[in-house]
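Treat the numbers as computed from the prediction; the structure is a model and nothing was measured. First the proteins, then the strands, lettered A, B, ... as listed; each starts at 1.
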Amino acid sequence: KMVLAQVVYQGKNDSEDSGLRFATCQLLWKQINSETEKIQEELNKQLFDNLIHFLRQSHSELQTKKTEWMCRMKSSEIPTAALVLGVNVTDHDMTFKSLSEVLQDNVTPYVVSLQAKECPGIKHLLQKLMGQLMDCNVDVDSSEEEECVNISQKKIRCSMASLSKWYESVTKKTDSETPSKKRTSSSRHWQSPPIVVIFKDMESFTTKVLQDFIVISSQHIREFPLVLIFGIATSPMIIHRLLPHSVSSLLCIELFQSLSCKEHLATVIDKLLLTTQFPFKLSEKVLQVLINIFLYHDFSVQNFIKGFQLSIVEHFYSQPLSVLCCQLLEAKKRVNSLSHNQCENIRSLPSFRRYVESQVSEKQIALLTEDSFLKEVTQTLLEDLHIYHENYFTVLRCLHVFTTSLPKYPLGKQIRELHCACLGKSVWETEEYESAIQLLRMLAKDELVAILQKCAEIFISSSGKQFSNTVEKLEEFLARFQNLEETSEVQDVSVSSQKELQKTTDLYHLQKTLLALKESKRSKKLTKFEMLRFEVVDFIDSLVRSYLAPAEMQTLNEVVYFNTANTLREHLNAAPRIALHTALNNPYCYLKNQTLKSDVGCISNTAPDICIVYKLHLECGRLINLVDWLEAFSTVVTAVEGTDPDAVATDQVDEIIHARFIRAVSELELLGFIKPSKQKTDHVARLTWGGC
Amino acid sequence: MPNFEHPEYPEATLLHLESMVPCRESQVSSLLSIFGEVARSILCIWVDYRCSTKMFVLTNRLKTNLNLPHVFVNCVECFTSRLLLEEILTQLQSLSSEKKHGSHVPCDTFNDFVRLFKQEIITQDLQNQTVYIVLDKAEQLREMEANVLPGFLRLQEMTDRNVTVIFLSEIVWELFRPNTGCLEPFTLYFSDYSIGNLQKILSHYHPPEYSADFYAAYINILLGVFYTVCRDLKELRHLAALNFTKYCEPVVRGEANERDTRRLWKNIESHLKKAMQTVYLREISSSQWERIQKDDGEPGHLKGLSAHAHVELPYYSKFLLIAAYLASYNPARTDKRFFLKHHGKIKKTNFLKKHEKTSNHLLGPKPFPLDRLLAILYSIVDNKVAPTANIFSQITSLVTLQLLTLVGHDDQLDGPKYKCTVSLDFIRAIARFRLKKVYYDTYNTPKIT
């Protein structure tokens with residue numbers, strides 16, 4: 001955070017409110033972060049509740065039925081929860097952290113999480129297990145601390161037997177405690193709480209360790225209630241792959257599945273981006289970058305949120321006017337205290353310039369010269385922007401209800417796709433929108449009514465008052481559909497013609513009547529329902545055209561929209577190979593030295609040695625002759641220095657040049673472009689392909 | 001009259017013993033005869049047992065019933081030699097003394113063990129008795145230090161005390177025999193229970209509320225279904241307990257009486273078959289199975305573990321996996337043909353080499369270098385793929401998910417090699433495009449005429 005502060009302060013001089021910007025950025029991120037945590041909690045709630053229920057049940061079975069015949073006959077299996085979390089491994093840590101917190105709060109203090117890399121052998125596993133258990137005992141009651149240290153010192157040898165002894169002593173202790181002494185924390189837990197062992201990454205554990213652990217602990221399952229949780233990233237089949245039947249028959253495995261990461265992302269986008277709650281917005285391209293990274297690379301919601309955070313920081317850092325990116329009332333206040341410099345910043349915004357050009361000339365002059373007038377206008381423009389957003393999201397949701405009912409989803413199934421389509425350009429000019437409208441015109445009545453009802457609900461629940469007319473209109477449509485139903489006229493014409501069809505027996509007449517029927521259908525006037533349907537679709541179309549205008553068209557959109565997608569892509573989806581190639585091929589790009597500016601293709605004289613060597617090697621095949629290479633290098637370098645051509649003519653290469661060459665070549669080898677080859681003497685092998 | 005006869009033990013004990021370990025008459029009597037000879041002790045006994053027929057229960061019961069001083073240790077649990085030796089000593093301490101757990105004795109080497117063992121025998125006053133050490137899952141001893149197994153084999157010699165070591169193992173002695181210091185143990189084989197034996201043993205533990213005959217009929221049906229797949233007594237007993245309530249249902253409801261075997265059979269048979277496909281394979285858990293029975297619902301709505309085989313992967317991960325699969329199962333020679341647009345003509349006759357005619361699937365995945373993986377990836381993805389850091393980290397995460405494996409050491413940075421470990425079905429499920437076009441084995445499958 002300190003670093004962040006420095007970065008923002010250094011960014012622009014203080015006349016551009018960098019301090020305030022930093023504070024705003026911090027506050028905004030704090031709000032967003034707490035919102036994401038809330039979302040996470042809600043999404044995990046169902047899963048965790050199920051798990052706790054499972055723990056409770058597995059536990060009670062061990063307790064109650066000890067005397068029954070059934071229980072004696074049944075082999076005592078270790079209750080095991082197979083928790084399928086999906087392939088987005090980076091998100092799992094968060095889930096496990098909150099899981100063990102929830103378990104520790106509600107079920108048992110004895111929660112152990114194990115990672116495969118900590119447990120290469122059964123010994124390490126048990127060490128880790130017991131270490132964590134003894135520690136958590138200290139947490140339960142700090143007065144026992146001294147005793148605990150003694151115990152753990154005694155038990156340097158970690159075996160299951162000592163673990164069960166430990167469990168016995170611990171539970172006895174809590175039982176013997178008088179109720180008055182009992183702390184609140186222990187009363188929340190169940191009596192004889194289970195020991196929960198979480199295997200965070202099931203796939204990475206070695207078969208032997210898992211098998212041994214399960215076999216050992218199954219022998220002690222009667223002594224203390226043990227519950228295993230397997231964190232699985234791929235599919236539960238991995239259990240069968242890792243464990244033979246003789247071992248898996250010791251387990252009582254139940255499956256739990258977390259929400260899919262795509263649904264998770266949809267919720268996050270819905271709660272963070274498609275809302276007016278937070279003033280900060282992402283432009284279409286930036287959002288597309290973040291979504292692409294998610295869908296193409298990692299499926300990680302955490303990374304998505306990290307990317308979102310980065311865009312916030314980047315926006316507040318690079319855009320001086322981001323100081324206005326806060327709640328509307330606050331922003332209006334801040335407008336008044338803007339410096340002259342900042343006013344100039346506003347004037348240079350492309351969207352503001354567009355706005356100025358559309359005004360009458362007196363007003364133009366006033367806007368460009370008078371700061372106070374500019375501030376006044378800015379306030380109203382900010383308010384307009386706010387209203388635009390309020391309308392935008394409501395209408396977007398409404399349009400989404402329509403488009404999800406269409407076959408093949410021309411505008412995308414997810415609301416985020418629709419959002420991207422609307423953000424970037426005028427959606428009504430696209431082909432997809434055209435075909436969607438076409439399809440809407442063919443909706444069946446009951447579908448259409450259901451959709452209209454949903455839309456009405458969306459409009460009613462939206463805070464904006466400006467939609468009261470729209471709601472009225474929608475309700476009117478609904479009423480008219482209702483009326484249609486009541487006065488549904490039987491289409492006499494068609495019925496009678498069908499009767500005719502049945503009557504006619506002779507082929508000629510049949511053909512004639514069929515033709516006549518076809519003709520009548522073509523020229524037939526639209527039914528009342530069809531008319532109404534057209535009206536509805538036109539109404540929706542008008543809503544879209546008036547409210548879903550792209551954000552770029554809005555004046556002052558630069559204040560709240562972050563749109564430098566390139567920076568974000570460079571940071572989040574780095575391409576080291578390409579960066580390396582650019583650095584070596586075009587050193588000017590990074591060094592910014594005017595002398596290095598050169599045409600593509602020719603080898604610059606003043607470039608660093610490694611760049612020259614690199615460029616020369618691009619022209620070679622798979623095997624590179626070192627002598628030829630050296631010669632070429634020497635030619636290029638000496639040409640630079642403009643030495644005597646006679647000296648070059650001699651075969652002897654200057655020692656210094658030779659040394660420089662060798663150093664450059666070994667640098668290339670270090671970077672992994674070449675490696676020594678044994679196929680031919682004095683040759684090196686190229687490890688990359690492609691080039692100039 | 002009991003089946004075993006032994007002069008030293010009273011008849012009642014022997015009878016009790018027989019009821020405890022049914023169907024093991026010959027083995028028990030030979031064990032008894034060995035145990036009986038207190039003075040002239042046998043050195044080591046090697047007991048083979050297959051299918052974990054609760055052998056250790058048997059010997060354990062023998063010991064406790066006959067009041068022999070013994071130590072029982074599980075070698076899986078004591079995974080280092082030190083733990084093992086200390087455990088034996090600790091148990092030895094508590095043999096005769098009153099306290100339940102002996103104090104901890106530090107013992108690092110086998111030498112210490114022999115010394116401490118001798119001391120302990122004297123303090124416990126066991127010189128005139130044979131002490132038995134039972135080592136369960138003895139195959140684990142092979143993984144400890146080289147001197148442990150020979151040490152135990154010659155324990156009597158080294159301690160000069162009456163001590164018998166019993167090794168219990170599922171593996172035959174021949175696979176154990178150490179190179180040096182070996183003393184051939186006396187080997188005793190325990191054969192599998194026959195179906196008759198199983199029937200007898202399982203019926204022995206009938207529930208108190210029902211008659212033995214009724215339960216025996218049930219066991220008969222149960223064995224009819226399960227005997228072909230499972231002969232493990234413990235597992236069978238578990239299954240019998242799980243499904244018994246369902247069997248009793250008609251009787252409880254009064255629709256059939258206990259002797260109406262035909263009706264009871266009809267009621268239970270399909271149920272048991274379902275159990276074989278689900279709960280026996282641990283596709284669903286025992287408690288879930290019980291819940292289904294209680295609710296009388298169909299297990300259809302409850303999918304087993306295998307039903308969730310589909311794995312959702314990010315876009316490029318899918319293609320990486322497909323590329324890895326192709327690289328693993330296609331010969332590198334054929335890449336040009338499959339992945340280049342203008343590969344020129346390839347002579348049909350030369351295309352298939354003789355040794356490549358066996359299906360690549362029978363040979364398993366072959367390792368391939370990273371470069372080849374990327375080259376195939378670039379060729380199968382329609383649009384351009386930038387070699388970003390994310391792509392490389394995706395390869396690594398596929399390795400952690402065990403969908404690819406890294407061949408060789410993971411510290412080798414230069415030209416790592418991978419293998420693809422997923423099955424054809426898995427790839428088919430994630431590959432939307434026609435795999436056939438670029439998949440060598442389809443050219444290679446024998447024609448059916």
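Summarising the geometry, atom CD belonging to Q402(B) is positioned 8.5 Å from atom OG1 belonging to T234(A); distances are rounded to the nearest 0.5 Å. Between T400(B) atom OG1 and D201(A) atom CG the span is 8.5 Å, to the nearest 0.5 Å. The CD1 atom of I293(A) lies 11.5 Å from the OH atom of Y316(B); values are rounded to the nearest 0.5 Å. In this structure, F299(A) CZ and Y315(B) OH are separated by 12.5 Å, a value rounded to the nearest 0.5 Å. Here CD of E235(B) is found 10.0 Å from OG of S246(A). Values are rounded to the nearest 0.5 Å. Atoms OG1 and CZ, on T388(B) and R569(A) in that order, are 11.0 Å from each other to the nearest 0.5 Å.
Listed for the E77(B) side chain is no donor-acceptor partner under 3.5 Å among the backbone atoms of I216(A).
With a threshold of 4.5 angstrom between heavy atoms, Q211(A) does not approach chain B through any atom at all. Proximity to chain B (any heavy atom under 4.5 Å) is shown, for D212(A), by both the backbone and the side chain. Only the backbone of L572(A) comes within contact range of chain B, with at least one heavy atom under 4.5 Å from a heavy atom of that chain. Contacts of H297(A) with chain B are made by both backbone and side-chain atoms, with heavy-atom separations under 4.5 Å. Heavy atoms of S397(B) lying under 4.5 Å from chain A are absent altogether. Interface remark: L251(A) contributes backbone atoms only to the contact with chain B (heavy atom separation under 4.5 Å). Looking at Q394(B), the atoms closer than 4.5 Å to chain A (heavy atoms on both sides) all sit in the side chain, from C-beta outward. L295(A) touches chain B through its backbone: at least one of N, CA, C or O sits under 4.5 Å from a heavy atom, while the side chain does not.
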Steps toward side-chain contact (heavy atoms from CB on, under 4.5 Å) verdict (T80(B), K123(A)): CA-CA 8 Å; T80(B) 63; K123(A) 190 172 150 193; 4.2 Å; yes
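Judged purely by distance below 3.5 Å, without hydrogens or angles, the side chains of Q219(A) and N74(B) pair a donor atom with an acceptor atom.
Nearest heavy-atom pair across L401(B) and E203(A) is O-CG, 3.8 Å. Across P576(A) and P387(B), no two heavy atoms sit closer than the pair CD-O, 4.2 Å.
Between K208(A) and E143(B) the shortest side-chain heavy-atom distance falls below 4.5 Å.
Ranked by heavy-atom pairs under 4.5 Å with chain B, the first of V87(A), T80(A), V215(A), V89(A) is V87(A).
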